[in-house]
Each structure stands twice: as C-alpha cells, then as structure tokens.
Protein chains: 2
Amino acid sequence: MIENSPLVRKLGAFVALSDSELSVLTSLHKRRRTFVAGRDLVLQGQSDQAAYILASGWASSYKLLEDGQRQIVDFQIPGDFLGLRSVLLNVSDHSIEPVTDIEVTEIHVDDLLGAFSQTPRLATAVLWAASRDEAMVVEHLVSIGRRDAAERMAHFLLELGARLALVGLGSKDGYACPLTQYLLADALGLSAVHVNRVLRQLREAGMVTFRDGSVVFDDYDQLANFAQFEPSYMDQRGPLLQ
Amino acid sequence: MIENSPLVRKLGAFVALSDSELSVLTSLHKRRRTFVAGRDLVLQGQSDQAAYILASGWASSYKLLEDGQRQIVDFQIPGDFLGLRSVLLNVSDHSIEPVTDIEVTEIHVDDLLGAFSQTPRLATAVLWAASRDEAMVVEHLVSIGRRDAAERMAHFLLELGARLALVGLGSKDGYACPLTQYLLADALGLSAVHVNRVLRQLREAGMVTFRDGSVVFDDYDQLANFAQFEPSYMDQRGPLLQ
DNA sequence: CGTCTGCTTGAGTCAGGTCAATTCTCGTGG
DNA sequence: CCACGAGAATTGACCTGACTCAAGCAGACG
C-alpha cells in the first residue's frame with residue numbers, strides 16, 4: 001500500500017494529499033537501496049548527491065572538525081529524509097553514516113523539483129517537513145548550549161522516544177535503541193566517559209535505564225519534568241492545508 | 001527598485017526569477033512596519049503569526065528555558081526571514097527580539113502559500129533559503145558542541161562577517177556590530193564574564209578587536225585559521241535553477 | 001583463545017562558571 | 001552645569017562540572 005509509506009504518512013500530516021498528488025509522490029520513489037552500518041552514504045563536501053528517505057534502520061548526520069572531533073547533528077529514524085539539505089545546497093555540509101544496516105528509497109533532485117511544479121502543494125509539504133527538522137536541530141542546540149549533562153541526556157532520550165512513538169516504534173514505556181555510548185557522546189557534546197556516568201546517575205535516580213540496546217522509561221513524568229521536556233515543537237495535529 | 005529588495009537578491013541567487021515571478025514576489029511585500037529594540041515581535045508558543053523580512057537593523061531568535069536561562073539560536077540581519085518557521089509550524093517554537101530598532105515588511109502565510117501554487121519555482125527558492133538557514137544553525141550547533149570558547153567566538157565573528165559581507169554591510173576588515181557581550185554570551189552558550197575574557201584574549205593575540213560597536217579583523221587569515229573557519233556552507237555561486 | 005568493541009570506574013586536572021567589586025559611559029532631571 | 005542611576009565592560013578570587021588518563025571487565029567473533 002503506497003499510502004503507508006513513511007513519507008506519505010509524514011507529509012500527509014501537514015497537507016491533505018489528493019490522489020493525483022499521491023501518484024506524483026509515488027513516482028518519486030525510485031530505486032530501493034540498502035547500506036551497511038558504518039559505511040558513509042554521503043561525505044562532507046561531496047556534491048551532486050541524491051536524497052533518500054529512510055525506510056528502516058537508523059542513521060546519523062555529523063560534521064567533522066579538522067582536529068578530528070565529531071559532532072553528531074541528528075539521528076534519522078524511519079520516515080526521515082537523508083541528505084535533503086545537501087541536494088538543495090548542491091554541496092553537502094555534513095556526512096551521513098548508517099548506525100545500523102538501513103534500507104532507503106532514492107529520490108533524484110530533478111524529479112523532486114519537477115514534482116514541485118506539477119503539484120505545488122507538495123513543495124509546501126516538503127518545506128514544512130524541513131522546518132520541522134530545523135526545529136529539532138534548534139532544540140538540540142539549546143540543549144547543548146544551556147543544559148547540563150544530565151538534563152541534556154534526559155531531554156535527548158525523551159525527544160527520541162517521542163519521535164519514535166510518532167512512527168510506531170516506541171511508547172512512554174521505552175524503545176529499542178541501537179546507539180552506543182560513544183554515539184551519544186558525539187551527539188551531546190560530551191565525552192564517552194561522562195556519558196556513562198550520567199547514564200548511571202539517571203538510572204540510579206529511577207528515571208531511565210539505557211542498557212543492552214533499549215531505553216526504558218522507569219518514571220516518564222519525573223524524567224520529563226527533570227529535563228524540562230516541552231514537546232510542542234514536534235506536535236502534529238492534523239493537516240493544516242486542506 | 002524592486003529588484004534591489006533584500007529578499008529578491010537572496011532568492012535570485014538560487015533561482016533565476018522571471019518577470020512574472022518577480023511581480024508575484026513583489027505582491028507579497030505587504031505593510032511596512034517598524035519595531036523598537038528590546039520589545040519582542042514573536043513570543044515562544046504564539047500561533048497565527050505573520051512572517052517578516054528584515055529590511056534594516058538586527059534581530060535575535062532565542063528560546064527560554066523554564067529556569068530563566070536563554071539560548072540565542074541566531075541573529076538576523078537585513079535580507080533575512082523572521083519567523084518563517086513559526087508560521088509553517090503554525091506555532092512559534094522560539095521568540096524573536098529586535099537587537100536594534102528594525103524595519104520589516106510583513107508577509108501573510110496565505111499569500112506566501114498562494115504564491116507557491118502560482119509560481120512553484122518560488123517555493124523551491126524559499127525551500128533553498130530555509131535550507132541555508134538550517135545549515136547555519138547546524139554550524140552553530142557544532143561550534144557549541146565541540147569548539148572551546150575562543151574558537152567558538154572566533155568562528156562566530158567570522159561567520160557574521162561573511163553574512164554581512166553578502167549584503168554589503170561588512171568586509172574582511174570588519175563591520176559595525178550592535179551586539180553586547182551579554183548577547184554574545186547567550187548566543188555562544190558562555191557566561192558574560194567569560195565572553196569578556198575571551199575577547200581580551202583574541203584582541204591581545206592580534207586577531208580581532210570587538211569594541212565600541214564594531215568588529216575589526218586585525219589578522220583575518222590567522223583568525224580564520226585559528227577558528228577552522230570553512231565558509232563553504234554559506235557559499236552562493238549563481239542560480240542553480242535556470 | 002586472543003582480540004576487538006563497548007561498558008565501567010577511579011584519580012587528578014582544567015576550562016569555564018559564579019560571586020563580587022570597580023570603572024566607564026550616557027541619558028535624565030534638578 | 002552637575003548629580004544620579006542604569007546599563008555595559010572589566011577584572012580578581014574561588015569553585016565545580018566535565019574532561020583526560022588509566023585500568024579493568026564482559027560479551028562477540030574469527
């Protein structure tokens with residue numbers, strides 16, 4: 001069923017898509033591809049890349065500094081775009097590495113831009129999706145700039161949970177999480193050692209347990225309160241554009 | 001001259017605009033408004049806002065935490081959008097405060113989305129502009145996550161200089177800068193006291209002087225090298241879409 | 001079985017924060 | 001013209017959250 005593709009579900013939350021728009025959207029889904037964990041899809045500085053939509057698995061977008069430090073900007077979960085910004089800017093400002101083995105569908109820029117002129121509402125929907133991604137990056141920025149390590153970790157685990165819940169991969173009880181403590185460190189701007197200490201602290205406080213590839217919310221409300229988690233920036237409440 | 005409006009110049013860098021597209025774009029420019037420094041235009045959580053294009057002056061976008069801490073996400077300079085994300089998401093995830101007295105032109109969402117259906121290439125251009133803004137936020141995130149205070153400050157002053165140079169308000173010699181050390185602190189995730197110390201350090205190293213409302217690059221190359229400043233993510237090299 | 005990747009914990013250090021005091025405008029009212 | 005107060009910049013003394021270095025452990029895999 002085409003209507004169940006992650007992209008359709010995502011864009012449909014903003015724009016009520018007509019049959020003809022759906023079929024244009026469907027025609028975008030080109031080749032299905034798979035990539036193995038750890039081998040980069042896109043490298044910082046490359047141009048003329050394709051964009052992808054993540055069908056299964058997790059990926060990470062990151063930037064490397066010259067001195068070898070790494071900052072992970074965001075993780076992508078099923079339904080998310082990979083490399084959309086890279087194609088629009090023509091040159092990628094970041095690298096993308098699969099965290100697990102992943103399946104994606106490839107989209108060519110020309111097709112995407114062509115689709116915009118046939119069905120302008122699609123352009124609006126994509127612009128909305130991009131804004132939503134940007135809001136997530138902004139919240140991440142605030143976390144790193146102004147929250148201490150424990151709050152930052154708590155907020156991050158909650159946000160990831162909320163995103164996964166939207167695509168049916170998590171709940172307020174917890175979720176399966178393939179990230180290592182090293183990946184958490186690079187995402188949160190901490191050292192791996194400190195990530196470990198903070199996780200222990202949150203676990204001993206009875207709020208979350210991160211262990212063996214799964215996140216368990218031991219006390220969701222207390223955790224949300226501790227992290228000042230305000231998920232309004234990721235709300236989806238029905239198509240805004242009829 | 002309409003062709004000289006900051007928005008037209010900005011979008012024209014990505015999409016070669018036809019006369020009819022230009023006239024649609026022009027029709028978007030509604031009421032001209034002014035706001036005084038320090039009084040917020042948009043507050044976190046508000047909905048049904050208008051978007052604006054900044055014509056003169058500087059503004060800041062920030063988020064407040066419940067405990068009163070503030071993180072400035074970005075500063076806007078002439079030609080930049082204000083609150084575009086807020087209208088697309090329908091509810092603002094951040095507040096906007098003018099740093100100086102500012103002049104803006106108001107744009108109504110309905111008009112903007114309507115314009116997309118008449119001239120889809122405009123939608124592509126706006127999507128491109130949004131991607132460029134996002135790339136800036138991402139670079140800011142990397143700075144806060146992985147650079148120490150001095151590198152962060154150096155990188156920030158260089159990026160601002162490059163942005164100002166694009167709209168004719170700065171050069172490699174320096175630029176007029178209305179920011180206070182408190183604003184810098186909230187933008188860089190530092191304390192105001194430490195901002196002061198870092199500025200002194202950079203000044204005494206002969207790289208930049210931040211003083212009396214102006215930034216002077218005493219040794220641009222040394223500073224760029226010190227900050228690992230790689231401005232490729234903000235390059236503009238001619239219309240990509242003919 | 002040895003090696004590798006990921007997790008855990010302790011000890012010591014330091015970048016950047018907090019608190020506090022001082023100076024320097026500059027606008028405002030007497 | 002001068003006293004005053006508010007905002008901004010500056011500097012010192014001290015403290016602490018997070019880092020680095022180092023060591024040890026456990027499961028996975030060839």
Side-chain angles (χ1 to χ4, degrees), chain A residues 36-39 58 60 65 67-72 97 99-101 143-154 156 177-205 208-216 226, chain B residues 36-39 58 60 65 67-72 97-101 143-154 156-157 177-205 208-216 226:
Chain A
V36 300
R39 165 91 50 81
W58 292 39
S60 62
L65 298 188
D67 60 12
Q69 290 196 95
R70 176 166 87 145
Q71 176 66 48
I72 293 180
E97 178 183 302
V99 171
T100 64
D101 292 350
S143 246
I144 293 187
R146 289 296 173 197
R147 288 189 240 261
D148 69 24
E151 292 168 350
R152 210 182 294 178
M153 176 67 74
F156 175 80
C177 176
L179 305 178
T180 67
Q181 296 187 359
Y182 290 86
L183 289 169
L184 287 178
D186 281 343
L188 298 176
L190 299 171
S191 68
V193 172
H194 203 58
V195 162
N196 184 280
R197 286 193 252 263
V198 166
L199 285 174
R200 172 153 60 111
Q201 187 183 319
L202 292 175
R203 186 180 346 113
E204 289 175 352
V208 233
T209 305
F210 178 97
R211 183 165 271 174
D212 300 327
S214 74
V215 172
V216 176
F226 173 73
Chain B
V36 299
R39 167 89 51 80
W58 292 39
S60 62
L65 299 188
D67 60 12
Q69 290 194 93
R70 177 165 87 146
Q71 176 66 50
I72 294 179
E97 179 183 301
V99 171
T100 64
D101 293 348
S143 245
I144 293 187
R146 290 295 173 200
R147 289 190 239 260
D148 70 25
E151 290 168 351
R152 211 183 293 177
M153 175 68 73
F156 174 80
L157 294 176
C177 176
L179 305 178
T180 67
Q181 296 187 359
Y182 291 86
L183 288 169
L184 286 177
D186 280 344
L188 299 177
L190 299 170
S191 68
V193 172
H194 203 60
V195 162
N196 184 280
R197 285 193 255 262
V198 166
L199 286 174
R200 173 154 58 111
Q201 188 183 320
L202 292 174
R203 187 180 345 113
E204 289 174 353
V208 233
T209 305
F210 178 96
R211 183 165 270 175
D212 300 327
S214 75
V215 172
V216 176
F226 173 73

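Residue numbers start from 1 in every chain, and the chains themselves are labelled A, B, ... in the order their sequence lines are given, proteins ahead of strands.
Among the atoms of the strands shown, only primed sugar atoms or phosphate atoms (P, OP1, OP2) are found under 4.0 Å from some heavy atom of Leu190(B). In this structure, Arg200(B) reaches the sugar-phosphate backbone alone: every heavy-atom distance under 4.0 Å involves primed, P, OP1 or OP2 atoms, never a base. Backbone-only contact: Gly189(A) has heavy atoms under 4.0 Å from sugar-phosphate atoms and none from a base. Among the atoms of the strands shown, only primed sugar atoms or phosphate atoms (P, OP1, OP2) are found under 4.0 Å from some heavy atom of Arg211(A). Within 4.0 Å (heavy atoms only), Ser191(A) reaches at least one base atom of the nucleic acid.
The distance from the CD1 atom of Ile72(A) to the CG atom of Leu179(A) is 8.0 Å, given to the nearest 0.5 Å. Annotation: the span from Arg197(B) atom CZ to Leu202(B) atom CG amounts to 14.0 Å, rounded to 0.5 Å.
One N or O donor and one acceptor, one from the side chain of Arg197(B) and one from the base of dT18(C), sit under 3.5 Å apart.
When each of His194(A), Gln71(A), Arg152(A), Arg147(A) is tested with Leu188(A) by the rule side-chain contact (heavy atoms from CB on, under 4.5 Å), just one qualifies, namely Arg152(A). The side-chain contact (heavy atoms from CB on, under 4.5 Å) test with Met153(B) is passed by exactly one of Val208(B), Asp148(B), Leu184(B): Leu184(B).
In this structure, Arg146(A) atom CZ and dG16(C) atom P are separated by 13 Å, rounded to whole Å. The distance between atom CE of Met153(A) and atom P of dG17(D), rounded to the nearest whole Å, is 17 Å. Taking atom CG of residue Asp148(B) and atom C1' of nucleotide dC19(D), one finds them 13 Å apart after rounding to whole Å. One atom, CG of Leu183(A), and another, P of dT5(C), lie 14 Å apart when rounded to the nearest Å. Between Leu188(A) atom CG and dC19(D) atom C1' the separation is 15 Å, expressed in whole Å. Rounding to whole angstrom units, CG of residue Asn196(B) and C1' of dG7(D) are separated by 15 Å. Rounded to a whole Å, the CD atom of Gln181(B) is 5 Å from the P atom of dT10(D). Atoms CG (Asp212(A)) and P (dA26(D)) sit 14 Å apart, rounded to a whole Å.
Between Arg152(B) and Leu199(A), it is Leu199(A) whose nearest contact on DNA chain C lies nearer the 5' terminus. When each of His194(A) and Val193(B) is assigned the nucleotide of DNA chain D bearing its nearest heavy atom, the one mapping closer to the 5' terminus is Val193(B).
For the pair Arg146(B) and Asp67(A), the salt-bridge criterion is not met [side-chain N within less than 4.0 Å of a carboxylate O].
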